[in-house]
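Below is one structure; the comments refer to it alone.
The structure presented is a predicted model; accordingly, all values stated were derived computationally and were not measured. Reminder, nothing fancy here: chain letters follow the sequence lines and each chain counts from 1.
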Amino acid sequence: MALKDKMKKSGKKSSSYISAKESRRITRFNRKTTKKLEKKRADAGKDPALYTTKMKDENNVVEFDNVCTYFFTDNGVVKAVDGVNFSIPKCSTVGVVGESGCGKSVTSLSLMQLLPRPTGQTVGGEIRFNKGDGTAFNIVNTPNSVMETIRGDKLSMIFQEPMTSLNPVFKIGEQVNEVIELHNKDMSPEDVKARTLEMLELVGIANKEGVYNMYPHELSGGMRQRICIAIALACSPTLIIADEPTTALDVTIQAQILDLLQGLKDKLQSSIMLITHDLGVVAGMADYVVVMYSGRVIEKGTADDIFHHPMHPYTIGLMASKPVVGKKVEELYNIPGSVPNPVNMPNYCYFKDRCEMHCDKCNGVYPPEIQVSDTHIVSCYRYCDQGKELGYPKSVNVEEL
Amino acid sequence: MAESEILLEVKDLKKWFPIKAGFFKHTVGHVRAVDGISFNIRRGETMGLVGESGCGKSTAGRTLLRLLEKTSGEVIFDGQDLNELSKEELRKIRPRIQIVFQDPYSSLSPRIPVGEIIGEAVREHGIVPPEEFDDYITRVMKVCGLPEYYKDRYPHEFSGGQRQRICIARALALAPDFIVCDEPVSALDVSIQAQIINLLRQLQKDFGLTYLFISHDLSVVEHISDTVGVMYLGNMVEYSETEKIFAEPLHPYTKALFSAIPIPDPDVKINRIILEGSIPSPANPPAGCKFHTRCKECMEICKTEAPEWKEVREGHFCACHLYDEK
């Protein structure tokens, strides 16, 4: 009775409430669907023809083509990435910006095939990774055995938290050696060690022989992140995914690490996919910028397009809400409200409820991608008459899987 | 400036943590977390305290609230030395000094509903008569942008931004004069950060609050503060008004720190001063000037003699040998 009163007083039912019957239904559905998806993936992995494909543009390292990654959770299906389209050209840095929960990390995990399966599944679209010989992997169908040869070799990742991404019980040297040994099976142990020391020197560690025999706890945060970078770069990858590489570090150390990454990228001719929420970091590093919101790309273009001519109301709001040194404003702009519930997305533009510039058109379906210039693409109805429509992001109907 | 304008005066505050070792737990040394800092905060103003992690800025905030006992020094709040007060006197003054913590996820008890979190201390200190209690809490929540029906909900039902509003409401409910904000926005998303910063500024205008704003995000500090203090390894290296310090940083550390701020404009190619190495251990700080191991303009004298804390320009304090003759 008391609980009922409280419910009445609070005016509405808690949105996260699920009845026991509903909960059972969701669990049953998830089990059935994920089983089917796992089987489909295992079948596709048997035949190389099913996971080899062709790049649309040979100058790209990676192409995301309408990628949908969903999580089958106990509260319902979370569409973490829902129809994401963008590509990473050779030898360039692409910044992926967005708030927490917008799907930027899940995009990178889908590319690495590091999703927590069977809960997380890439249910649709293609991720093409350039092999360099005219063909490409379709990462979505690539079996684990093949992924293991690419991961860490041609495709590597630097994680956010250098404190937890190194193993505390192995020496630094062993951890770097491991990657090199795994991908170069015919290398002699001496050569492996020489390569490790070379990598440590490359990332700016002065006392390389000493650090080789140290354990991670003996190093500071900045040093550990350097080790993580050394591990990621040990096999000269064509793409480095840097997932918030400097968020856990101080500003002065952040400057050191960004400087290092930029320098190494040019030296090794790699591309970087830089995932961050800090617009300042992106502006300093990236050639292209992709802005994500609630699992979808809402705007993409060159750094100049995004920073000097932002078009989507969310991008504009994001820029205005961050104080900038040297620019005095009385009050910061704040985007009202918060992100929509990922289990129950609206069928109109996801940003409409927080948008101060919305119009009648926004009540319709999710806006299409509109090409406003050669490089600049935005998903917003306000620019319908300023460019060519490229099509709507395609969602996957989970009931039909 | 008139004496009464100063709300908080900190004089040579020190906080050393003993390092114990061996079977009998002998004290073998000290971590000099805060090693002699001095500053004043005027009524209704905000002071920003910046520095790298481990420089002692959070310890400074906690020590001056007497959440940690100081090692030496004085903290004078509104004419009273906080460290001289007895337990009862301290209890009386507590409602006037409040703190908002960094992590809104761990600083709220998960078992207590929001109304009680905000109201507990109000009842304890008798801020309002019991019959007005409910209305008062509702009013405080409204000011902080929380609807009334949140009262019976529990912290886990809220997002980070909402929780930080609850923390602010809890501090505000006691009608304080002075709030220490210990990195209140660093755990939040950019768009939510702006909401909280605007809320803090609005409250300052409406209630004449005084803040000590501890943060490592320099752009936020520049936006919200009237004066800024820069700390390095337990010492204050520079202190001035915000405009002055950002227009003309004096200390080499401040210069490097400010040059490392990422600017969201791809055309601005800033000349970054990259500091070599990382912050030394506060248990065994370098002799002389603590910054000399990383300093670009290090001289012979820096290695042996600690620089004096002095007023280099009008209202602009700095501790560096570069400004000795002037």
task: Look at G161(B), A256(B), S219(B) and state which one has the largest set of heavy-atom pairs under 4.5 Å with chain A.
output: S219(B)
message: Could you work out, with side-chain contact (heavy atoms from CB on, under 4.5 Å) as the rule, every residue matching T227(B), not counting sequence neighbours?
response: E45(B), M47(B), Y239(B), E241(B)
Separation between CG of D250(A) and CG of L257(B), rounded to the nearest 0.5 Å: 8.5 Å
- request: Quick one: which of R201(B), H216(B), E148(B), Q193(B) has the most heavy-atom pairs under 4.5 Å with chain A, could you say?
  value: R201(B)
message: Return the NE2 to CG distance between H308(A) and D265(B), rounded to the nearest 0.5 Å.
response: 3.5 Å
task: Tell me, for Q254(A) versus chain B, whether the close heavy atoms (under 4.5 Å) come from the side chain, the backbone, both or neither.
output: side chain
task: Please flag which part of S100(A) lies under 4.5 Å from any non-hydrogen atom of chain B: side chain, backbone, both or neither.
output: both
field: Side chain / backbone / both / neither for Y314(A) at chain B, heavy atoms under 4.5 Å
entry: neither
message: Could you work out, with side-chain hydrogen bond (donor to acceptor under 3.5 Å, both in side chains) as the rule, every residue matching R296(A), not counting sequence neighbours?
response: D82(A), Y350(A)
task: Below 4.5 Å from any heavy atom of chain B, which atoms of V324(A) appear? Answer side chain, backbone, both or neither.
output: both
query: Just by distance, do the side chain of Q256(A) and the backbone of L275(B) share a donor-acceptor pair under 3.5 Å?
result: yes
query: So, N198(B) side chain and L332(A) main chain: donor-acceptor pair closer than 3.5 Å or not?
result: yes
message: Under a plain distance cut-off of 3.5 Å, with no hydrogens placed, do E52(B) and T252(A) share a side-chain donor-acceptor pair?
response: yes
